[in-house]
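Please read all numbers here as calculations on a predicted model, not as lab measurements.
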Amino acid sequence: MCVARIVMQEWYDMYLKLINENGIDEKMRGIYVDDGRSLVKKLDLGTRFVTESNSFEHSSEWEEADRSEMKSRDDLTETEILKAMNAINTDLQFTSETERDFLKGRLPTLSFEIWSTVDGISFS
């Protein structure tokens, strides 16, 4: 447990540095051993995480492709943030889940659930 917490804290410090350097606004966060929650502002269509430069980049060609594929900003953000998360430490590979993955539209987190509303984040 101790080693897992140290590794995850080191990973999280690097993740936070990466998103801050790329101007990605994180609204909420929490980690617990090998599990975590992060709420970030949605990425614009046409944004990609580029592993070689370790940065988020935008191009009009990517934006056009996203629009023609009718890709949502939710899906794009989930995909590209996950790429960044997995690039930080190749020994760690993350999965992602959102409230859209659950029938009730609520994201289970430890002993409670969270979901988004027009007014912000709700929980029970």
Side-chain angles (χ1 to χ4, degrees):
M1 177 75 98
C2 181
V3 172
R5 287 179 188 245
I6 291 169
V7 169
M8 284 302 295
Q9 187 60 57
E10 178 184 51
W11 173 88
Y12 188 75
D13 291 345
M14 293 166 58
Y15 169 73
L16 193 56
K17 182 177 186 252
L18 173 69
I19 63 171
N20 285 337
E21 287 175 348
N22 283 276
I24 296 172
D25 190 15
E26 186 179 43
K27 303 290 188 185
M28 182 179 80
R29 71 170 102 49
I31 58 174
Y32 179 74
V33 188
D34 65 345
D35 198 7
R37 295 286 181 242
S38 177
L39 176 64
V40 297
K41 184 177 176 188
K42 294 177 188 177
L43 300 175
D44 292 329
L45 294 179
T47 302
R48 300 291 187 273
F49 177 74
V50 180
T51 307
E52 296 77 22
S53 61
N54 208 35
S55 65
F56 288 85
E57 300 177 13
H58 181 274
S59 84
S60 55
E61 291 83 17
W62 291 334
E63 184 172 347
E64 187 176 315
D66 290 346
R67 290 188 190 288
S68 69
E69 295 170 16
M70 295 175 39
K71 189 177 285 187
S72 73
R73 289 178 63 202
D74 288 335
D75 290 337
L76 177 78
T77 301
E78 183 178 2
T79 300
E80 298 304 317
I81 292 289
L82 185 60
K83 285 181 191 175
M85 292 169 66
N86 286 330
I88 292 169
N89 178 337
T90 57
D91 291 329
L92 302 174
Q93 291 300 292
F94 294 89
T95 58
S96 67
E97 55 189 16
T98 69
E99 60 195 20
R100 295 172 295 144
D101 297 324
F102 298 91
L103 290 176
K104 290 173 45 179
R106 295 177 175 198
L107 183 61
T109 302
L110 297 175
S111 62
F112 66 99
E113 298 174 320
I114 57 176
W115 65 96
S116 56
T117 68
V118 174
D119 298 322
I121 302 296
S122 293
F123 63 93
S124 70

Distance (rounded to the nearest 0.5 Å) between M85 CE and F94 CZ: 5.0 Å
Side chain N22, main chain S55, donor-acceptor under 3.5 Å: no
E10 atom CD, over 12 foreign heavy atoms within 6.0 Å: no
Check: T98 main-chain N/O paired with D101 side-chain donor or acceptor under 3.5 Å: yes
Exam field: side chain R73 to backbone L43, donor-acceptor pair closer than 3.5 Å: yes
Distance in Å, E80 CD paired with I24 CD1, rounded so as to fall on 0.5 Å steps: 10.0 Å
Transitive ILVMFWY side-chain link V3 to I88, under 4.5 Å: yes
Stepwise salt bridge (Lys or Arg N to Asp or Glu O under 4.0 Å) test for R100 and E78: CA-CA 11 Å; R100 295 172 295 144; E78 183 178 2; 3.0 Å; yes
Polar contact flag, side-chain donor to acceptor under 3.5 angstrom, D44-T47: no
Any side-chain heavy-atom pair of V7 and L92 under 4.5 Å: yes
Atom of F49, atom of A87 and distance for their closest heavy-atom approach: CE2-CB, 3.7 Å
Chi angles and distances behind the side chain to side chain contact (heavy atoms under 4.5 Å, CB included) call for R29, L16: CA-CA 10 Å; R29 71 170 102 49; L16 193 56; 3.5 Å; yes
Value rounded to 0.5 Å, distance of CD1 in I19 from OG in S38: 5.5 Å
Polar side-chain atom of N89 near backbone of W11 as donor-acceptor pair, under 3.5 Å: no
Euclidean distance, D13 CG relative to L18 CG, rounded to 0.5 Å: 12.5 Å
Whether Y12 and Y15 hold their rings parallel, tilted or perpendicular, with breakpoints at 30° and 60°: tilted
Closest non-hydrogen atom pair, R37 against P108: NH2-O, 2.7 Å
Short side-chain to backbone donor-acceptor contact, E113 and R106, under 3.5 Å: no
Pairwise side-chain contact, E97 with L107, heavy-atom cut-off 4.5 Å (strictly under): yes
Cluster overlap I81 with I121, hydrophobic side-chain contacts below 4.5 Å: no
Cluster overlap L82 with M8, hydrophobic side-chain contacts below 4.5 Å: yes
Joint cluster assignment, V40 & M28, ILVMFWY side-chain distance < 4.5 Å: no
Whether over 12 other heavy atoms sit under 6.0 Å from K83 NZ: yes
Verify same cluster id: V50, F56 (apolar side-chain graph, 4.5 Å): no
Parallel, tilted or perpendicular: ring planes of F123 versus F112, cut at 30 and 60 degrees: perpendicular
Any pair counted as salt bridge (Lys or Arg N to Asp or Glu O under 4.0 Å), so long as it reaches residues 57-66, sequence neighbours left out: R48-D66, E63-R67, D66-K71
Value rounded to 0.5 Å, distance of CD in E69 from CG in L45: 10.5 Å
Heavy-atom pair with the smallest gap, counting every atom of T117 and S122: CG2-OG, 3.4 Å
